[in-house]
Amino acid sequence: MKVPKETKKIMELEKELHSHLPSDPALRVKALESLLVEKGLLNSATIDRWIEVFSDEVGPKNGARVVAKAWSDEAFKKHLMADARKAVDELGFPRLEANNLVVVENTPKRHNVVVCTLCSCYPWAIMGLPPTWYRSFEYRSRVVRDPRGVLREFGLELDDDVEVRVWDSNADVRYMVLPERPPDSEGLNEAELAALVSRDAMVGTAKVTTTEQGN
Amino acid sequence: MKVPKETKKIMELEKELHSHLPSDPALRVKALESLLVEKGLLNSATIDRWIEVFSDEVGPKNGARVVAKAWSDEAFKKHLMADARKAVDELGFPRLEANNLVVVENTPKRHNVVVCTLCSCYPWAIMGLPPTWYRSFEYRSRVVRDPRGVLREFGLELDDDVEVRVWDSNADVRYMVLPERPPDSEGLNEAELAALVSRDAMVGTAKVTTTEQGN
Amino acid sequence: MDGIHDMGGMHGFGPVDPSREQPFSKTEWRARMFCLELSYTQPGGFNVDWLRHVLECIPPDVYLTSDYFDRWYWRDVGVLANVGWVSIDELASGVATSRPQDVGDPLPPEAVSVMLEQGLDSRRDVADPPAFKPGDRVRAKFHSPLGATRLPRYVRGHVGVIEQYHGWHVLPDANAVGDERPEPLYSVGFLAQDLWSDAAAPGDKVFPCLWESYLERE
Amino acid sequence: MDGIHDMGGMHGFGPVDPSREQPFSKTEWRARMFCLELSYTQPGGFNVDWLRHVLECIPPDVYLTSDYFDRWYWRDVGVLANVGWVSIDELASGVATSRPQDVGDPLPPEAVSVMLEQGLDSRRDVADPPAFKPGDRVRAKFHSPLGATRLPRYVRGHVGVIEQYHGWHVLPDANAVGDERPEPLYSVGFLAQDLWSDAAAPGDKVFPCLWESYLERE
């Protein structure tokens, strides 16, 4: 089917739709689902299945395993930094929204942080759904301009001599931050290390410590 | 009194004010007026007096007189184009928001139109209050980028060989457009000419014709 | 400041409705708000650049969803609350719990004609010659401080031609914070086709007014 | 497009609230909306660049006042209404009055694992060498068509340095309207101090991904 694609027409249409439909999004979404099912365009069981996937099967635990392995296995880390997608394939993780994965490494003198200023792109298959704050206008607008100020709001204070690198996921490249391994974590195995790695640490808005639980 | 002027603090304050005050602007404005009167910061009779001024004493009729005189008196027009403020002083018009007046002249090959993209600056003393559409986001955002499209929405279609000049009143310079005199207006005196000149013609979103009444 | 107010050239707003008019009378809240702004005693005295900047600090969603004169309300209560002359409780109730000291009498109705006659003028009497003359090619700087400025975003980084020199005017960036620093002011002409990828006609031009420190010679 | 979505660097938004979390379950409308988007039959087939562009066409005030997943709703009903597959009356009532022809069966739950495994990839297998290499200095063009683009406004006109080459990827500007035109894609590093007047630290950098036609050699 050839779809007409005129920006001005879509702008008018969006205005019209908004001015005619009720305000409660929960009601509108429910009506949309019923309508699409009736029209043969949607199977509600497929929605249920996706919700299961994002509740149980993909999430920041995937990324935490990647981080823990990179900390524990120098050859894997080298592979990960050179070609993150292939390295992550080894762990059997899916590829949805992570086909062009790039891992950026934090060091004592360099801190990385990830955003999508234009919408909220995020490596779903490796990290799950983006946090609510990641999708907020506050984060999207401010972290490219005042990263140190934003990180302070997360309780993360960076020294002046640390270089901050902000990665904008405005294309289909998806970023994951490889945080610094906490200094007092020598005795831990991969599973124990993975349990320390929070979602926020892989976006770059937190550090990993041995006293904190991953989420 | 030394006023603290910190942008970040004002942003926080505006957010806080908005989240705590009722939604109906009519009620809020009424409460503000009472409050300021009680505090000795405001005299309600002064508001009433200003409303009289803007209802009866200043308005587009002032500008229309300027236009009609420029059409009828070549020496005045020359003075107006060289130093609009001094020329307008001759007519005894006030200066509020028009101390730095510039008149831009329409010709068969050049059409001028005025906007303030950053707020809604307008030559009050000469033209009265800006029209509602002049203050709209639609006009402010679009007329600098798509002047021909916006003018079409006013029913004004310009030929391709007419140069469009858009004047942004972002500083304290205020613009008035001197429209083209309609060709079939030879016999008319200044007062009759002034009656033809609409407010929109002096902003540049209309032409003057002998069939149309000024407003 | 890169705020929502700086909307010249923004896509996404629909057609202009030229027929929209709002009533203006002594009982209309919009008329009262507009004229209140011209009448009340402002802390530190009237400073249009500070007022404009406070308006720009309204949250973007509130800015886009409020009536024009309601934005004036948010601005003026911001100006007053900033110095502690009004509180949120007072604004909600309309009842004063304190009164600012040493503010003198409020503006009487008789003062209106003088204000109307004279207005305010950002121009200053400086004899020094300006750096640019009509015809000079200049580039607008990437200047976007967190604070007041009147350099519209749509010309930043672009080259234009000086059209007209308007004398020395106080710089809004400084004046907003109480520092009067006049500079030469120019109308600068930019070709629409340089500014916008979707500009329709080759000869069309846009003329913002730019202060000298916003410009560099090209 | 110079839309409200292009908010990188905009002032006026307040502090981030890291503690905000939203529930995700089978009965939550946000979760259903998110997963509906992955499940329904889209006219012309799934095209992420078109979907993103339709989202950008939501009126700016609606964009700023709607929940994230509610914006997804507005996008998807726009996509559907644009081809006449749904009407405003149907969306309001939830009751279908017509049914699109020749659309086949909707996506079954069994298809989810394959989509999850493979995802979609904007990369194309093109062997031609890219024009730029890491270390090259490039300037982002003033490119702001009335249409899809992924060139963020905050780098336009600024000079950066090629950091990394990512192979050839379909250009969103063309792909959104159904024209697959791959180009070399790069991460480009810009000094924060070049981009923002109020940048705090001298070494900080911002790295958007830019397609080759967005850039010119400096």
Side-chain angles (χ1 to χ4, degrees), chain B residues 1 3 5 7 10-11 13-15 17-18 20-21 25-26 28-29 31 33-36 38-43 45-51 53 94-97 99-100 117-119 132-133 135 137-142 144-145 148 150 153-154 163-168 170-173, chain C residues 5 7-10 13-16 18 20-22 26 29 31-33 35-36 38-41 43-44 54 57-59 62 68 70 73 77-78 81 83 88 90-91 94 96 99 106-107 109 112 116-119 121-122 146-147 150 152 166 177 185 196 200 203-209:
Chain B
M1 180 189 190
V3 174
K5 294 182 171 175
T7 300
I10 298 292
M11 284 177 180
L13 179 62
E14 288 289 351
K15 198 161 197 161
L17 287 164
H18 186 262
H20 284 90
L21 290 168
R28 275 187 278 105
V29 170
E33 185 178 332
S34 316
L35 182 64
L36 295 184
E38 253 196 84
K39 282 183 182 262
L41 296 168
L42 176 68
N43 181 339
T46 308
I47 295 188
D48 293 339
R49 176 72 193 113
W50 275 119
I51 294 177
V53 163
R95 290 179 163 232
L96 184 67
E97 280 294 307
N99 267 297
N100 296 280
T117 59
L118 299 179
C119 40
T132 307
W133 55 258
R135 301 184 244 119
F137 303 138
E138 291 81 359
Y139 187 76
R140 284 170 54 191
S141 65
R142 291 182 49 233
V144 282
R145 184 159 194 150
R148 290 165 191 271
V150 168
E153 288 153 21
F154 283 83
E163 175 194 333
V164 178
R165 300 189 143 208
V166 185
W167 299 87
D168 190 348
N170 62 307
D172 280 351
V173 175
Chain C
H5 69 286
M7 50 174 65
M10 252 189 82
F13 294 98
V16 178
R20 261 186 79 207
E21 302 278 358
Q22 286 168 341
K26 285 186 183 170
W29 72 265
R32 294 206 80 75
M33 186 62 232
C35 294
L36 186 152
L38 296 169
S39 308
Y40 78 98
T41 307
V54 172
C57 292
I58 296 174
V62 177
Y68 178 77
D70 200 17
Y73 170 88
V77 297
V83 294
I88 288 175
E90 288 178 320
L91 291 167
R99 201 187 143 128
L107 191 80
V112 167
L116 176 67
E117 280 309 313
Q118 302 183 347
D121 196 343
S122 64
L146 177 63
R150 298 290 284 186
H166 299 294
V177 290
L185 179 71
W196 325 113
D204 292 355
K205 296 194 186 76
V206 184
F207 297 85
C209 271

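Since the structure is predicted, the reported quantities are computational estimates derived from the model, not experimental observations. Heavy atoms only: backbone and side chains are in, while hydrogens, waters and symmetry mates are out. Throughout, a chain's letter reflects where its sequence line sits, starting with A, and its residues are numbered from 1.
Considering every non-hydrogen atom in both C/Arg99 and B/Glu38, the closest pair reads NH1-O, 4.0 Å. Contact between C/Gly94 and B/Ser34 at its shortest, heavy atoms only, is O-CB, 4.1 Å. Considering all non-hydrogen atoms of both residues, C/Pro106 and B/Leu41 come closest at CB-C, 3.6 Å. Closest approach of B/Glu14 and C/Pro59 over heavy atoms only: CB-CD, 3.9 Å. A pairwise comparison of heavy atoms in B/Asn170 and C/Pro152 identifies ND2-CD, 3.7 Å as the closest pair. When all heavy atoms of B/Thr7 and C/Leu146 are compared, the closest pair comes out as OG1-O, 3.7 Å.
Contact check for B/Leu42 versus C/Leu36: side-chain heavy atoms found under the 4.5 Å cut-off. No side-chain heavy atom of C/Asp121 sits less than 4.5 Å from a side-chain heavy atom of B/Asp172. No side-chain heavy atom of B/Val166 sits under 4.5 Å from any side-chain heavy atom of C/Lys205. Within the 4.5 Å cutoff, no side-chain heavy atoms of B/Asp48 are placed close to those of C/Pro109. The shortest side-chain heavy-atom distance between B/Leu35 and C/Leu91 falls under the 4.5 Å cut-off.
A salt bridge links C/Glu90 and B/Lys39; the closest N-O separation between the charged side-chain nitrogens and carboxylate oxygens is under 4.0 Å.
In this structure, B/Trp50 contributes its side chain and C/Arg32 its backbone to no donor-acceptor pair below 3.5 Å.
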Side chain to side chain contact (heavy atoms under 4.5 Å, CB included) evaluation trace for C/Val16 with B/Phe154:
CA-CA 8 Å; C/Val16 178; B/Phe154 283 83; 3.9 Å; yes
Can you check side chain to side chain contact (heavy atoms under 4.5 Å, CB included) on B/Arg95 and C/Glu117, steps first, answer last?
CA-CA 5 Å; B/Arg95 290 179 163 232; C/Glu117 280 309 313; over 6 Å; no
Side chain to side chain contact (heavy atoms under 4.5 Å, CB included) between B/Arg28 and C/Asp70: does it pass, once the steps are laid out?
CA-CA 9 Å; B/Arg28 275 187 278 105; C/Asp70 200 17; 2.8 Å; yes
So C/Arg150 and B/Cys119, side chain to side chain contact (heavy atoms under 4.5 Å, CB included) or not? Walk me through it.
CA-CA 10 Å; C/Arg150 298 290 284 186; B/Cys119 40; 3.2 Å; yes
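Highest contact tally toward chain C, considering only B/Leu36, B/Val53, B/Asn100, is held by B/Asn100 [criterion: heavy-atom pairs under 4.5 Å]. Ranked by non-hydrogen atom pairs under 4.5 Å with chain C, the options B/His20, B/Arg135, B/Met11, B/Arg49 are led by B/Arg135. Counting heavy-atom pairs closer than 4.5 Å to chain B, the top residue among C/Lys26, C/Gln22, C/Arg20 is C/Lys26. Top candidate by heavy-atom pairs under 4.5 Å with chain C, chosen from B/Lys5, B/Glu153, B/Met1, B/Glu138, is B/Lys5. Interface summary for chain C: among B/Ala171, B/Ala31, B/Pro25, the most heavy-atom pairs under 4.5 angstrom belong to B/Pro25. Of the listed residues (C/Gly8, C/Ala31, C/Ser39), the greatest number of heavy-atom pairs within a distance under 4.5 Å of chain B belongs to C/Ser39. Between chain C and the options B/Arg165, B/Glu33, B/Glu163, the largest number of non-hydrogen pairs under 4.5 Å is found for B/Arg165. Most heavy-atom pairs under 4.5 Å with chain B, from the set C/Val62, C/Asp204, C/Val206: that is C/Asp204. For the set C/Gly14, C/Pro43, C/Gly203, the entry with the most heavy-atom pairs within less than 4.5 Å of chain B is C/Gly14. Contact tally against chain C (heavy-atom pairs below 4.5 Å) for B/Lys15, B/Arg142, B/Glu97: the top residue is B/Arg142.
Interface residue C/Tyr40: backbone and side-chain heavy atoms are both found under 4.5 Å from chain B. With a threshold of 4.5 angstrom between heavy atoms, B/Ile47 approaches chain C through its backbone and through its side chain. The part of C/Leu185 that comes within reach of chain B is its side chain, from C-beta onward, which places non-hydrogen atoms under 4.5 angstrom from that chain. Only the side chain of B/Val150 comes within contact range of chain C, with heavy atoms under 4.5 Å apart.
The aromatic rings of C/Phe13 and B/Phe137 sit tilted, their planes meeting at an angle between 30° and 60°.
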